[in-house]
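Have a look at the structure below before the remarks.
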Protein chains: 2
Amino acid sequence: MTSRNKPPAQPSAQRSTQSPAQRPTRPRPSTPAAKAEEPKPLGARARARAEVTGAIKDEARRQLADEGAAKLSLRAVARELGMVSSALYRYFPSRDELLTALIVDAYDSLGAAAEGAHARAVRAEAAPRERWLAVCRAVREWAVAYPHEYALIYGSPVPGYSAPRTTVGPASRVGLLLVTVVREAAQGPGVQVPGGGETLRDEALRDEAERLAADLAPDLPPAVVVALTAAWSQLFGLVSFEVFGQFNRIVEDRPVFFDQAVSQLARSVGLMDD
Amino acid sequence: MTSRNKPPAQPSAQRSTQSPAQRPTRPRPSTPAAKAEEPKPLGARARARAEVTGAIKDEARRQLADEGAAKLSLRAVARELGMVSSALYRYFPSRDELLTALIVDAYDSLGAAAEGAHARAVRAEAAPRERWLAVCRAVREWAVAYPHEYALIYGSPVPGYSAPRTTVGPASRVGLLLVTVVREAAQGPGVQVPGGGETLRDEALRDEAERLAADLAPDLPPAVVVALTAAWSQLFGLVSFEVFGQFNRIVEDRPVFFDQAVSQLARSVGLMDD
DNA sequence: CGCAAAAGAGAGCACTGCTCTTGCCCTGCG
DNA sequence: CGCAGGGCAAGAGCAGTGCTCTCTTTTGCG
């Protein structure tokens, strides 16, 4: 796979006679007809731009999967696409901006996977605990399938620090989905949300819990919202340890282990066994 | 250029290397006195080498804290130390090797912090649950104090992949410590380890649990060892979400929230309330 | 149709990791 | 005491990077 050689990518500086018939610039998998006509209300120019932008992100994603975020190189992406590196800056003002775009896409992809699993569980009228399990499994499976993109969003923050505002929306989709599962369970028929009257003895804890509940789910008991927030992070603790290799030579049967741990998590937020 | 002054307080689980301060060049091996006193058959040459190695790691750690692992530059380290970049390769064969050394040190530093907290709790004859809490708090506090080094070891794997064998020992210290806490509690007087007879219905899960228990703590019930492994990873899920900013604008009072979550974790491995 | 806006090409700067060669000087040996 | 050898630093150099600037070409839109 490292034989990343593309024949026409060399700087054949053949100026003067402008017969650039050999230009390899076209975004790769575009059908030849794509160039033909765009009678769409969306401007043809904008269309082409979106296409190139997508091609850049696709190639960047490929390199991400090959070598990891640290080795992602704008020049290599440009080279592979048959353009010159400076041209790429017409689409992304910096390498970090490209990475940010990939981060947003990854959050969205993970969120969509989780929401799809949830929707399927709802359609199958699965019990609340089954829905919880389905969402968690979807997260894990997405992470195992796309480890580098998972590392991009749940590993060390790669760019300067504190991802831009654009990321906070997509980033919270999984968390909100977990809230939804518990909220549905609480409204549903037989499921009861515990929490133990004694849980919020501490005053600071009660304050925090009430603030958290007010922000996330005013219809749920504050103690449950605290447990939910913790479970949210703990789910990603489980997934990160598996994806980042901390479970190597320790946990063998990961799916079984994961199911068990995540069921315990469900219990901790009040989703009882069937 | 010396604006990079910081109190030399670094985790440095290894020797603290009397950093040779402002000297621009030359490790200055021997004041006459220094050469006279060799307490060990450790040669003066090896001594100087260890000192320079330590200075390199210290400076690298400083840059790590400033800019993160991605921006760590061998040349900048060498520049700051007053040597030329190529000289640095006498001490570390590559940038990744330097990073690996920092990773091992970070694991050791974190492990020492956690073990210190545990030892203190034992000396104070704290209850098992208090010991568990002390260890978890120590982990969190270390991570908050040294976020970049935490990211180095619990964030995305930065170098090629799969850290070398050298890291597996130090990496498991915290996990083993958690096992120790529960094991002590199980042997102790009043603490009872639950697990519920029904927990291991599934056959694959029982197999996995028994294998895990055999490897880690043959004297503990398999179900507890499973819960312990999960809690281990979940602890780092909590810490990672805080350090990596996932709790920004969501959790305000982090210590209180953390204590609550970690107490719940203690319950999940059978450490009862006082 | 024509033209301004958009896009690409290419050179260039400052930086990086890493290699290789050259010489210095300390050290351990005879 | 002297001297060879080896650890060590210095410097040049290579290939690659992110990013900027200028110039030319293209192309969609009014």
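To find a chain, count down the sequence lines: A is the first, B the second, and so on, and within it residues start at 1.
Counting any heavy atom pair closer than 4.0 Å across all strands shown, B:L72 reaches sugar-phosphate atoms only and no base atom. In this structure, B:S94 reaches the sugar-phosphate backbone alone: every heavy-atom distance under 4.0 Å involves primed, P, OP1 or OP2 atoms, never a base. Among the protein residues, A:Y91 comes within range of the sugar-phosphate backbone only, with heavy atoms under 4.0 Å from sugar or phosphate atoms but none that close to a base.
Side-chain proximity of A:S86 to D:dG16, C:dA9, D:dC19: nearest is C:dA9. Closest approach to the B:R49 side chain among D:dG13, D:dC8, C:dA9 is made by D:dC8 (side chain taken as heavy atoms from C-beta onward). Candidate nucleotides D:dT17, D:dT26, D:dG11 were compared by shortest atom distance to the side chain of B:V84, and D:dG11 ranks first. Taking the side chain of A:A76 as heavy atoms from C-beta on, and the options C:dC18, C:dT16, D:dT17, the nearest nucleotide is D:dT17.
In this pair, A:Y150 and A:F244 present their aromatic rings tilted. The plane angle is within the 30 to 60° band. Using the six-membered ring where Trp is involved, A:F241 and B:W232 have ring planes that are perpendicular, over 60° apart on the 30 and 60° scheme.
Look at CZ on A:R95: it is 13 Å from C1' on C:dT16, rounded to the nearest Å. Rounded to a whole Å, the CG atom of B:L88 is 13 Å from the P atom of C:dT19. One interatomic measurement links the two molecules: OH of B:Y89 to C1' of D:dA9, which rounds to 15 Å at whole-angstrom precision. When the P atom of C:dC18 is taken as reference, atom CG of B:L99 falls 10 Å away, rounded to whole Å. In this structure, B:L74 atom CG and C:dT19 atom P are separated by 11 Å, rounded to whole Å. Rounded to whole angstrom, the span from the CG atom of B:L81 across to the C1' atom of D:dA10 amounts to 16 Å. The interatomic distance linking A:F92 (CZ) with D:dT20 (P) rounds to 16 Å, in whole Å. Distance CD (B:E51) to P (D:dA9): 12 Å, rounded to an integer number of Å.
A donor and an acceptor atom never sit less than 3.5 Å apart when one is taken from the side chain of B:R90 and the other from the base of D:dG7.
Closest of all the heavy-atom pairs between B:L212 and A:I250 is CD1-O, 3.0 Å.
Dense packing is recorded around CZ of A:F92, with more than 12 heavy atoms of other residues, nucleotides or ligands lying under 6.0 Å away.
Contact annotation: A:S85 side-chain N/O to D:dC19 OP1/OP2 distance is not under 4.0 Å.
The side-chain heavy atoms of A:Y154 and A:Y107, taken from C-beta on, include a pair separated by under 4.5 Å.
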